[in-house]
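Okay, so here's the structure we're looking at.
Position 1 is the first residue of the sequence; numbering continues from there. Any value given below was found using the heavy atoms of this structure, including those in side chains, with hydrogens, waters and symmetry copies removed. Nothing here was measured: the structure is a model prediction, and the numbers come from that model.
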Amino acid sequence: MGTFHDILVNLLFSLYFKFLHLVFWLWNLPKRRKSVHPPTDKLLLISATKAAELIRNCEITSASLIEAYIKRIEEINPLINAVVIKNFKNALKQASEVDSYIENLDKNSDEYKNLSTEKPLLGIPFTIKDSFAIKGLVCTIGLAHRKAIVADEDAEVVKRLKSADAILLAVTNVPEGIMWGETANTLFGRTNNPYDTRRTPGGSSGGEAALIASAGSLIGIGSDFAGSIRGPASFCGIYGFMPSPGEKSETILHLNQLPSRKPKIFYMDGIRSPYVESPHKEVIEALRKAVNYFEEKCNMPTYRIDLPLIHESTSFWAASQYDPDYPPFYKELSRDQKPVDCYKELFKFFLGHSDHTLPGIISGIQSNTVLDESVKNKSFSNIRKKCQQFRNQLNNLLGTDGILLFPSFPSTSTYHNMRIWTPLNYTYENLWNAIELPALSCPIGLNNDNLPAAIQIIASQDHDSNILAIAKELINLYNRNII
């Protein structure tokens, strides 16, 4: 039983969250809900591996596949505003070259026989968020001062995709400085959720998630600094994976079947903190459906756990990322990293004259706190110790064959601008970045409002394949109607 103060704080924040949802629901009630129509072209429903196989076997052409995706993007982008740079002309040229190369290749040669390993993504289009450098294209990172900065070399992930002979199709929208959970900036505007354009696709990989969920991209590349892949994936009903960090992370993962040894399934209902919203009923139902599936259909025992340190995790991510030698965000807002007067920008924002978004300005203010560095360092040092302790607990608990099921977020996709009023809800996502464990957002179906519901699957360090095997098994549950 908590103290009177604890009970009062919990009550006040509970009322605050309920009031917030009511206000945003009423505000959006008069607005007509719009959603992306399902694709009709069967080419848009083929997986990347299947499409690559069909291209190699000359059953479809790379050009026809890319033309289908270009047509789809032109149809849906006015509604979701996900694509900010179109590489269509170059993509079609490269696709034509791929088709000519395969047509003229001796089908009995070793070169042809080795295509699946030497050029595994030959002729396959991909899209990528606007935070990765692509030689010859502008890379803005959602910052107004970078609108004319052209990259002179490819980012490593782009080099690897190109070395596998994938074809860049488009670049997608991000939040300002990729530092927020909603995808909007003053250069390209706001990206919408394809299930309900009044709602956010999340961020910072929101453009990618919205486009993939709309069948506008076959392969999408994002980054997950604080849930930036998994958050948008959960809001848009697709898979989003954050692998284990470091060189030891697995790069080849076999998903043919569940591990021969049945994994141990653990689950937690969420985080208990007055400053973090409690999981909504539909979120708990999604988690329980996954748990029941493994118990009833797979004959696997599950274990409900409650690790006390997770309820102290609201500061884990900030402490884990603290680096006094790294430029604060308010300097990143300017071209030459000179300090931006964020309070002045806040005034200009409400007058409609700022080049920055409200989340960007607030993030800048937060990064320019007057807290003494020695005090901050001491405080964060204590938090990092708890963070490491929690990481060790989970690694020991999960071992080589354990899996943790956990809510992706307290709710399904929120209305635009709502997340700025619930900043600590991000803890559900950034907690796993802080303790450096692999995590995946796995769709579980649609709720009664036809919005995607999802859970997270977490494993111990470097046991990423356990996550993907469990996610593959849950496809059976995802295909079962509505939460």
Side-chain angles (χ1 to χ4, degrees), residues 12-28 31 81 141-144 173-193 196-207 209-210 225-228 230-232 234-236 271 273-278 280 314-315 317-318 321 328-330 332-333 340 342-369 408-431 451:
L12 290 176
F13 272 94
S14 177
L15 293 173
Y16 167 76
F17 290 129
K18 293 181 185 301
F19 175 72
L20 197 64
H21 280 278
L22 177 62
V23 168
F24 275 85
W25 178 75
L26 290 172
W27 178 262
N28 286 277
K31 301 176 183 178
N81 190 37
I141 320 178
L143 295 167
N173 206 18
V174 296
E176 184 177 19
I178 59 168
M179 284 294 288
W180 195 246
E182 293 197 50
T183 298
N185 56 66
T186 56
L187 287 174
F188 303 114
R190 184 173 69 188
T191 300
N192 302 315
N193 192 302
D196 183 350
T197 56
R198 300 171 301 176
R199 299 176 183 267
T200 178
S204 63
S205 304
F225 183 56
S228 295
R230 289 164 291 124
S234 69
F235 278 8
C236 295
I271 299 170
S273 168
Y275 315 111
V276 179
E277 195 173 359
S278 298
H280 292 201
T314 53
S315 299
W317 183 81
Q321 300 301 319
F329 184 67
Y330 71 94
E332 299 284 353
L333 292 173
V340 171
C342 291
Y343 291 100
K344 181 180 178 180
E345 290 299 324
L346 185 62
F347 179 72
K348 290 168 62 178
F349 173 83
F350 288 111
L351 293 179
H353 297 301
S354 178
D355 288 333
H356 305 289
T357 60
L358 183 58
I361 295 169
I362 292 175
S363 296
I365 292 173
Q366 290 175 333
S367 71
N368 191 24
T369 59
S408 286
F409 200 73
S411 68
T412 53
S413 176
T414 57
Y415 289 110
H416 286 300
N417 302 316
M418 186 173 175
R419 293 188 72 171
I420 200 168
W421 302 98
T422 58
L424 290 182
N425 281 358
Y426 292 119
T427 306
Y428 276 78
E429 301 163 356
N430 64 36
L431 163 63
L451 295 173

Nearest-0.5 Å distance, [atom1] of residue [X] to [atom2] of residue [Y]:
{"X": "L143", "Y": "M179", "atom1": "CG", "atom2": "CE", "answer": "11.0 Å"}
{"X": "L22", "Y": "L15", "atom1": "CG", "atom2": "CG", "answer": "12.0 Å"}
{"X": "E277", "Y": "H21", "atom1": "CD", "atom2": "NE2", "answer": "3.5 Å"}
{"X": "L424", "Y": "I271", "atom1": "CG", "atom2": "CD1", "answer": "9.5 Å"}
{"X": "T357", "Y": "W180", "atom1": "OG1", "atom2": "CH2", "answer": "9.5 Å"}
{"X": "I420", "Y": "I362", "atom1": "CD1", "atom2": "CD1", "answer": "3.5 Å"}

My understanding is that only residues two or more places apart in sequence, or in another chain, count here; which of them pass salt bridge (Lys or Arg N to Asp or Glu O under 4.0 Å) with [X]?
{"X": "K344", "result": "none"}
{"X": "D355", "result": "none"}
{"X": "R419", "result": "E429"}

Report yes if the side chains of [X] and [Y] come closer than 4.5 Å at any heavy-atom pair, otherwise no.
{"X": "L346", "Y": "F350", "value": "yes"}
{"X": "F188", "Y": "V174", "value": "no"}
{"X": "L451", "Y": "R199", "value": "yes"}
{"X": "T427", "Y": "Y275", "value": "no"}
{"X": "P201", "Y": "P232", "value": "no"}

Closer than 3.5 angstrom, by distance alone: can the side chain of H416 be matched with the main-chain N or O of T197 as a donor-acceptor pair?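 Side chain of H416 to backbone of T197: a pair is present.
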Among N193, I178, T200, N173, the one residue meeting side-chain contact (heavy atoms from CB on, under 4.5 Å) with T183: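 The option that passes is N173.
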Measure the acute angle between the ring planes of F13 and F17, then classify it against the limits of 30° and 60° as parallel, tilted or perpendicular.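 If you compare the ring of F13 with that of F17, the planes turn out tilted.
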Heavy-atom pair of closest approach, residues N81 and R190: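 Smallest heavy-atom distance, with atoms named: ND2-O, 3.0 Å.
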Shortest non-hydrogen separation from S234 to S408 and the atoms involved: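 It is CB-CB, 3.7 Å.
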Residues that F24 engages under side chain to side chain contact (heavy atoms under 4.5 Å, CB included), provided they are two or more places apart: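 Per chain and number, F24 pairs via side chain to side chain contact (heavy atoms under 4.5 Å, CB included) with L20, N28, Y415, N417, M418, W421.
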All side chain to side chain donor-acceptor pair (under 3.5 Å) counterparts of T412, not counting sequence neighbours: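 T412 satisfies side chain to side chain donor-acceptor pair (under 3.5 Å) with E282 only.
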By side chain to side chain donor-acceptor pair (under 3.5 Å), which residues pair with N430, not counting sequence neighbours?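 Partners of N430 under the side chain to side chain donor-acceptor pair (under 3.5 Å) test: none.
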